[in-house]
Peer 1: 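Structure incoming, see below.
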Amino acid sequence: MKRGMTWIFTATFLISVLVLAGCGPKERMAPEPPTDRPMRDEPEPTPAPDRPSIDLNADPSSVERGGQVTLKWTSSEADSVIISNGIGNVQMNGSLVVTVRESTTYTATAKGPGGEATSSARVTVVDPEPVMTSSDETLLEEAIRAGRVKPVFFAYDKAQLTAQAEETLQANARIFREYPEANFVIEGHCDERGSEEYNLALGERRAQAARDYLVSLGVAAGRMSTISYGEERPFAQGHDESAWRQNRRAHFSTSRR
């Protein structure tokens, strides 16, 4: 009996020791190392806005007083475009016709987030060259009356220029160039042979042949007009070859006649 009690006591003691040992302070666990977490992306810096550009041109760049000029411009990276000299705000790209009364410099300014830019175009007003009108025509008329401007002659029933006719027209052209503002008329004439209708057509061809040759010599076509009188205005009276030869001609006169 006594041995049994001893065993029970011993067992109880051991159990108590084990229980007390289990309730003691536990070993502190080492902290887990931090896990690698992705870092938040940093925002990229905002690029600086591009600087505006502007190009302004004037066409033509010189005019007479009161003349018109076309301004043309192109821009980029701009929010607004302003042109000086009272024009003001305009579209980003465009053109505008202006009347110029004095020499002027036009300046276009383009503004945008990136700053501003300018471009200028100069328009120069020039005085017109003096024009000689009535005096030139009067002097040319005097040259014709004095015989300095000579008629050209044609063969029978022909409108082709002879070598002699070309030489005469070359000399006449030099005189016509002396009076560049004078207009003149080339008259086509025929002798009395042939019908009136036929001679009118032949006279026109003769006047036209003289005109075309003068144009080839540099005389302005706008200064000349042609007319055919056919046989109506003979230069020489008579009914023989001597008179007919003088009447087959291209004659020159001014518009004052």
Peer 1: Under the salt bridge (Lys or Arg N to Asp or Glu O under 4.0 Å) rule, collect the residues that match up with Glu178, sequence neighbours excluded.
Peer 2: Arg148

Peer 1: Can Leu139 be reached from Ile175 by stepping across I, L, V, M, F, W or Y side chains whose heavy atoms are under 4.5 Å apart?
Peer 2: yes

Peer 1: Considering only heavy atoms from C-beta outward, does the side chain of His189 approach that of Phe235 to under 4.5 Å?
Peer 2: no

Peer 1: Which heavy atom of Ala243 sits nearest to which heavy atom of Gln237, and what is that distance?
Peer 2: CB-O, 3.8 Å

Peer 1: Checking Gln208 now: which residues fulfil side-chain hydrogen bond (donor to acceptor under 3.5 Å, both in side chains) with it, not counting sequence neighbours?
Peer 2: Asp212

Peer 1: Identify each donor-acceptor pair in which a side-chain atom of residues 106-115 lies under 3.5 Å from a protein atom, sequence neighbours left out, and give them as a table.
Peer 2:
{"unit_1": "Thr107", "atom_1": "OG1", "unit_2": "Ser120", "atom_2": "OG", "d": "2.9"}

Peer 1: If the condition is salt bridge (Lys or Arg N to Asp or Glu O under 4.0 Å), which residues does Arg248 pass it with, not counting sequence neighbours?
Peer 2: Asp191, Glu241

Peer 1: I'd like to check Asp136 versus Leu140 (side-chain heavy atoms, cut-off strictly below 4.5 Å). Are they in contact?
Peer 2: no

Peer 1: Measure the CD-CD1 distance between Glu204 and Ile227 for me, rounded to the nearest 0.5 Å.
Peer 2: 8.5 Å

Peer 1: Phe153 and Leu169: same hydrophobic cluster, using ILVMFWY side-chain contacts below 4.5 Å?
Peer 2: no

Peer 1: Which pair of non-hydrogen atoms, one from Ser253 and one from Glu187, has the smallest distance, and what is that distance?
Peer 2: OG-OE2, 3.0 Å

Peer 1: Same cluster or not: are Ile82 and Val123 linked, directly or through other Ile, Leu, Val, Met, Phe, Trp or Tyr residues, by side-chain heavy atoms under 4.5 angstrom apart?
Peer 2: no

Peer 1: My understanding is that only residues two or more places apart in sequence, or in another chain, count here; which of them pass side-chain hydrogen bond (donor to acceptor under 3.5 Å, both in side chains) with Arg145?
Peer 2: Glu141

Peer 1: Could you pull out all residues at least two apart from Ser53 that satisfy side-chain hydrogen bond (donor to acceptor under 3.5 Å, both in side chains)?
Peer 2: Ser76

Peer 1: The test is side-chain contact (heavy atoms from CB on, under 4.5 Å); show your working for Thr162 and Gln160 and say whether it passes.
Peer 2: CA-CA 6 Å; Thr162 64; Gln160 289 77 28; over 6 Å; no

Peer 1: Starting from Trp244, can I reach Tyr156 by hopping between I/L/V/M/F/W/Y residues whose side chains sit under 4.5 Å apart?
Peer 2: no

Peer 1: Please name the pair of heavy atoms, one in Lys150 and one in Gly147, separated by the smallest distance, quoted to 0.1 Å.
Peer 2: NZ-O, 3.0 Å

Peer 1: Going by the rule ring pair (Phe, Tyr, Trp, His ring centres under 6.0 Å), which residues pair with Phe176 if we only count those two or more places apart in sequence or in a different chain?
Peer 2: Phe184, Phe252

Peer 1: Test your reading of the model: is there a side-chain donor-acceptor pair from Asn199 to the backbone of Arg193, 3.5 Å cut-off?
Peer 2: yes

Peer 1: So, using side-chain contact (heavy atoms from CB on, under 4.5 Å) as the criterion, who are the partners of Ala250 when residues are at least two apart?
Peer 2: Val152, Phe154, Ile186, Ala210

Peer 1: So, for Thr168 and Pro151, which heavy atoms are closest and what is the spacing to 0.1 Å?
Peer 2: CG2-O, 3.6 Å

Peer 1: Flag the pair Thr226 / Val185 as yes when at least one side-chain heavy-atom distance between them is below 4.5 Å, and no otherwise.
Peer 2: no

Peer 1: State the CZ-OG distance between Arg211 and Ser216, to the nearest 0.5 angstrom.
Peer 2: 11.5 Å

Peer 1: Is there a side chain to side chain donor-acceptor pair (under 3.5 Å) between Asp55 and Asn57? Walk through the geometry before answering.
Peer 2: CA-CA 7 Å; Asp55 183 40; Asn57 293 287; 3.3 Å; yes

Peer 1: side-chain contact (heavy atoms from CB on, under 4.5 Å) with Ala159: which residues, sequence neighbours excluded?
Peer 2: Leu202, Arg205, Arg206

Peer 1: Which residues pass the side-chain hydrogen bond (donor to acceptor under 3.5 Å, both in side chains) test with Tyr198, not counting sequence neighbours?
Peer 2: Asp157

Peer 1: Going through the checks in order, is the side-chain contact (heavy atoms from CB on, under 4.5 Å) test met by Val219 and Met224?
Peer 2: CA-CA 9 Å; Val219 180; Met224 298 179 279; 4.1 Å; yes

Peer 1: Around Glu232, counting heavy atoms of other residues, nucleotides and ligands shown, do more than 12 lie under 6.0 Å from its CD?
Peer 2: yes

Peer 1: Treating Thr104 as the side-chain partner and Glu102 as the backbone partner, does any N or O pair qualify as donor plus acceptor under 3.5 Å?
Peer 2: yes

Peer 1: Going by atom type alone, with no hydrogens or angles, which donor-acceptor pairs under 3.5 Å involve a side-chain atom of residues 86-101 and a protein atom two or more places apart or on another chain?
Peer 2:
{"unit_1": "Asn93", "atom_1": "OD1", "unit_2": "Ser75", "atom_2": "N", "d": "2.8"}

Peer 1: Please list, chain by chain and in numerical order, all residues satisfying side-chain contact (heavy atoms from CB on, under 4.5 Å) with Ser103, sequence neighbours excluded.
Peer 2: Arg122, Thr124, Val125

Peer 1: Within the distance-only criterion (no hydrogens, no angle test), does the side chain of Asn85 pair as donor or acceptor with the backbone N or O of Thr105 below 3.5 angstrom?
Peer 2: yes

Peer 1: Taking all non-hydrogen atoms of both residues, which atom of Ala221 and which atom of Val215 are closest, and how far apart?
Peer 2: CB-CG2, 3.9 Å

Peer 1: So do the side chains of Glu137 and Tyr179 get within less than 4.5 Å of each other, counting heavy atoms only?
Peer 2: no

